[in-house]
Amino acid sequence: MQLHIENMVCGACVSGVTKAIQSVDATAEVSADLEKRTVIVTSTAPTDAVLPALSNAGFNAEPI
């Protein structure tokens, strides 16, 4: 899945996003592009499970 995360602006944000996603699927792979504020997630978890975890961590994510 690809997500746009407007408030992902630094390396610490990438770490927080990764931890939030991996709280849903510990084996998820996350590739972030800070310039575009996007992440590509390789996971078996559905988007509907990942988005609330990101929101709870303070990140506003939208599927793209």
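The model shown is predicted, which means the values in this text are computed figures rather than measured ones.
With sequence neighbours excluded, the residues that form a salt bridge (charged side-chain N to carboxylate O under 4.0 Å, His left out) with E6 are R37.
The two residues C13 and N7 come nearest to each other via the heavy atoms SG-O, 3.8 Å. Of all non-hydrogen atoms in I5 and A61, the two that sit nearest each other are CG1-CB, 3.8 Å. Closest heavy-atom contact between A45 and M1: O-CE, 3.4 Å. Residues A20 and A53 share a closest heavy-atom pair of O-CB, 3.6 Å.
Of the possible polar contacts, one joining the T18 side chain to the V14 backbone as a donor-acceptor pair under 3.5 Å is found. No donor-acceptor pair under 3.5 Å is formed between the side chain of Q2 and the backbone N or O of I40.
In this structure, CG in N60 is found 10.5 Å from CG in L51, a value given to the nearest 0.5 Å.
Residues F59 and L34 share a single hydrophobic cluster, defined by chaining ILVMFWY side chains whose heavy atoms lie under 4.5 Å apart.
Counting only heavy atoms from C-beta outward, the side chains of L3 and V17 never approach each other to under 4.5 Å. Between V24 and P52, the closest side-chain pair of non-hydrogen atoms is not below 4.5 Å.
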Checklist entry - Would V41 and D25 satisfy side chain to side chain contact (heavy atoms under 4.5 Å, CB included), going step by step from the backbone distance to the final call? => result CA-CA 10 Å; V41 181; D25 176 3; over 6 Å; no

